Protein chains: 2
Amino acid sequence: MANSKLYKGSLNTIILKLLEEQGKMYGYEITQKVKDLTKGELNITEGALYPALHKLEAEGLLDVEVAKVDNRLRKYYKLTEAGEKETVNRLAELEEFIRSMQQLVNPNWSIK
Amino acid sequence: MANSKLYKGSLNTIILKLLEEQGKMYGYEITQKVKDLTKGELNITEGALYPALHKLEAEGLLDVEVAKVDNRLRKYYKLTEAGEKETVNRLAELEEFIRSMQQLVNPNWSIK
DNA sequence: AATATATGCATAAAATTCTTATGCATAAGA
DNA sequence: TCTTATGCATAAGAATTTTATGCATATATT
């Protein structure tokens with residue numbers, strides 16, 4: 001995740017959440033989606049993304065489906081059932097993290 | 001940071017912000033303060049905290065002052081001028097991170 | 001009196017996650 | 001033709017954290 005004020009550990013949650021929303025996505029598509037949604041603020045590097053996808057797959061949270069489009073390879077990932085459950089947990093953790101950080105660094109903020 | 005849904009990179013920001021608020025604190029005090037503020041959600045481990053304090057000091061962001069209380073050692077840390085400026089930057093980065101994450105994982109949230 | 005818990009700092013090994021730097025390949029645009 | 005975009009992949013190194021220790025004093029418990 002380059003030039004981007006990111007915190008380690010959040011990449012997996014981003015991947016899971018996007019897949020939950022989009023159904024299925026391939027790696028390159030994820031990098032572009034994140035760039036779009038954050039107006040360039042977050043740039044996921046391939047060196048971080050692909051190993052992360054492989055690991056989530058190895059953990060049984062993602063399934064892969066290979067496709068060939070315009071003579072180029074795409075690996076579509078989607079959540080398994082276990083992945084769907086884990087996504088709920090990760091999002092809850094992220095929200096809890098954000099709330100905790102707000103308690104620490106800025107009690108004036110609140111999520112509504 | 002044990003058993004705690006934390007994201008790597010946030011510890012420094014937590015330290016800086018607490019020192020900004022409290023003026024000066026010693027290591028053990030920081031661990032307890034974080035535990036209190038987050039109702040036990042976040043537990044800073046000593047193995048993470050002390051090296052982080054030493055590094056922030058080496059970077060010129062913190063000053064140390066040793067004290068002896070009840071025959072026990074305490075090392076009080078406080079922000080240097082450079083530390084105060086950096087704290088502003090780190091907090092801005094954290095806020096930006098939170099906003100970006102919200103764009104990604106939950107557009108329904110908003111900071112107010 | 002003995003033992004456990006709390007207070008207080010510290011470091012080292014290992015794990016995790018990320019950046020940076022590559023490599024390969026096809027398609028489209030300048 | 002050369003650059004940019006698309007698409008996946010891995011390896012070396014950096015950064016940050018967890019886990020496991022070590023040492024020492026004070027207080028609470030049995």
Side-chain angles (χ1 to χ4, degrees), chain A residues 1-16 24-36 40 42-59 61-62 64-77 90 93-94 97 100-101, chain B residues 1-16 24-36 40 42-59 61-62 64-77 90 93-94 97 100-101:
Chain A
M1 201 129 4
N3 67 287
S4 68
K5 309 112 178 217
L6 232 217
Y7 293 92
K8 296 186 182 181
S10 52
L11 178 55
N12 287 327
T13 306
I14 291 174
I15 293 171
L16 294 173
K24 65 176 185 178
M25 300 182 82
Y26 54 99
Y28 186 77
E29 187 183 11
I30 293 175
T31 66
Q32 301 308 302
K33 186 76 175 176
V34 169
K35 197 183 292 182
D36 282 359
L42 259 50
N43 283 296
I44 296 183
T45 61
E46 296 160 308
L49 178 64
Y50 291 114
L53 286 171
H54 300 162
K55 197 181 177 202
L56 289 170
E57 184 195 355
E59 289 168 353
L61 304 182
L62 301 186
V64 194
E65 179 193 333
V66 179
K68 202 153 194 177
V69 178
D70 286 335
N71 209 35
R72 282 197 235 89
L73 195 72
R74 284 184 185 172
K75 288 194 175 177
Y76 281 95
Y77 290 89
R90 302 287 179 102
E93 280 183 12
L94 177 62
F97 165 72
S100 291
M101 288 304 288
Chain B
M1 202 129 0
N3 69 288
S4 68
K5 309 110 178 220
L6 232 217
Y7 294 92
K8 296 185 183 180
S10 51
L11 178 56
N12 287 327
T13 306
I14 290 174
I15 293 170
L16 292 173
K24 65 175 186 178
M25 299 181 83
Y26 55 99
Y28 186 77
E29 187 183 12
I30 293 176
T31 66
Q32 301 308 302
K33 186 76 176 176
V34 169
K35 197 183 294 182
D36 282 359
L42 260 48
N43 284 295
I44 296 182
T45 61
E46 297 160 307
L49 178 64
Y50 291 115
L53 288 171
H54 300 162
K55 196 181 177 202
L56 289 171
E57 185 194 355
E59 289 168 352
L61 303 182
L62 301 185
V64 195
E65 180 192 333
V66 180
K68 202 155 194 176
V69 179
D70 285 335
N71 208 35
R72 281 198 236 87
L73 196 71
R74 284 184 186 172
K75 289 194 176 177
Y76 281 96
Y77 290 88
R90 301 287 179 102
E93 279 183 13
L94 177 61
F97 165 71
S100 290
M101 289 304 287

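Order of the sequence lines fixes the chain letters, A, B, ..., with proteins taken first and strands second; residue numbering starts at 1 for each chain. These numbers were taken from a predicted model, which means no experiment stands behind them.
To the nearest angstrom, C1' of D/dT16 lies 13 Å from CZ of B/R90. Here the P atom of nucleotide C/dC18 and the CG atom of B/L11 are 17 Å apart, to the nearest Å. In this structure, A/I44 places its CD1 atom 15 Å from P of C/dT17, rounding to the nearest Å. Following rounding to the nearest Å, B/L53 (CG) and D/dT16 (C1') show an atom-to-atom distance of 14 Å. The distance from atom OH of A/Y28 to atom P of C/dC24 is 20 Å, rounded to the nearest whole Å. For A/E29 and D/dG7, the CD to P distance is 9 Å, given to the nearest whole Å. Following rounding to the nearest Å, B/L42 (CG) and D/dT17 (C1') show an atom-to-atom distance of 13 Å. Following rounding to the nearest Å, A/E46 (CD) and D/dA5 (P) show an atom-to-atom distance of 13 Å.
Side-chain nitrogen and oxygen atoms of B/H54 include at least one within less than 4.0 Å of the OP1 or OP2 phosphate oxygen of C/dT11. The side chain of A/Y50 contributes no N or O atom lying less than 4.0 Å from OP1 or OP2 of D/dA9. OP1 or OP2 of C/dT26 has not a single side-chain nitrogen or oxygen of A/K68 nearer than 4.0 Å. A close approach under 4.0 Å does occur between a side-chain nitrogen or oxygen of A/Y26 and OP1 or OP2 of D/dG7.
B/K35 has its side chain within reach of B/N43: a pair of non-hydrogen atoms, C-beta onward, lies under 4.5 Å apart. Side-chain contact between B/R74 and B/K68: absent, with no pair of heavy atoms (C-beta onward) separated by less than 4.5 Å. A/L53 has its side chain out of reach of A/V64: every pair of non-hydrogen atoms, C-beta onward, lies at least 4.5 Å apart.
The 5' end of DNA chain C is approached more closely, in terms of each residue's nearest nucleotide, by B/Q32 than by the other of B/Q32 and A/N12.
Remark: A/K24 qualifies as a cation-pi partner of A/Y76 under the 6.0 Å distance and 45° angle criteria applied to the six-membered ring.
In this structure, the separation between CG on A/L56 and CG on A/L62 is 5.0 Å, given to the nearest 0.5 Å. One distance of note links CZ of B/R90 with CG of B/L61; it measures 6.5 Å at 0.5 Å rounding. In this structure, B/I44 CD1 and B/Q32 CD are separated by 10.0 Å, a value rounded to the nearest 0.5 Å.
Side-chain rings of A/Y77 and A/Y26 stay apart, their centers remaining 6.0 Å or farther from each other.
Contacts of B/G9 with the nucleic acid, taken as non-hydrogen atoms under 4.0 Å apart, involve only primed sugar atoms and P, OP1 or OP2. Contacts of B/G47 with the nucleic acid, taken as non-hydrogen atoms under 4.0 Å apart, include base atoms.
Under the Watson-Crick or G-U wobble criterion, with both distances below 3.5 Å, C/dA30 is paired with D/dT1.
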Listed pairs, N/O of protein and of nucleotides 14-16 of chain C, under 3.5 Å:
from	atom 1	to	atom 2	distance (Å)
C/dT16	O2	B/K8	NZ	2.6

Are any protein N/O atoms closer than 3.5 Å to N/O atoms in nucleotides 27-30 of chain C? If there are, list each pair with its distance.
from	atom 1	to	atom 2	distance (Å)
C/dA27	OP1	A/N71	ND2	3.4
C/dA27	O4'	A/R72	NH2	3.1

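Shown here for B/F97 and A/S10, the closest heavy-atom pair between the two residues is CE1-OG, 3.9 Å.
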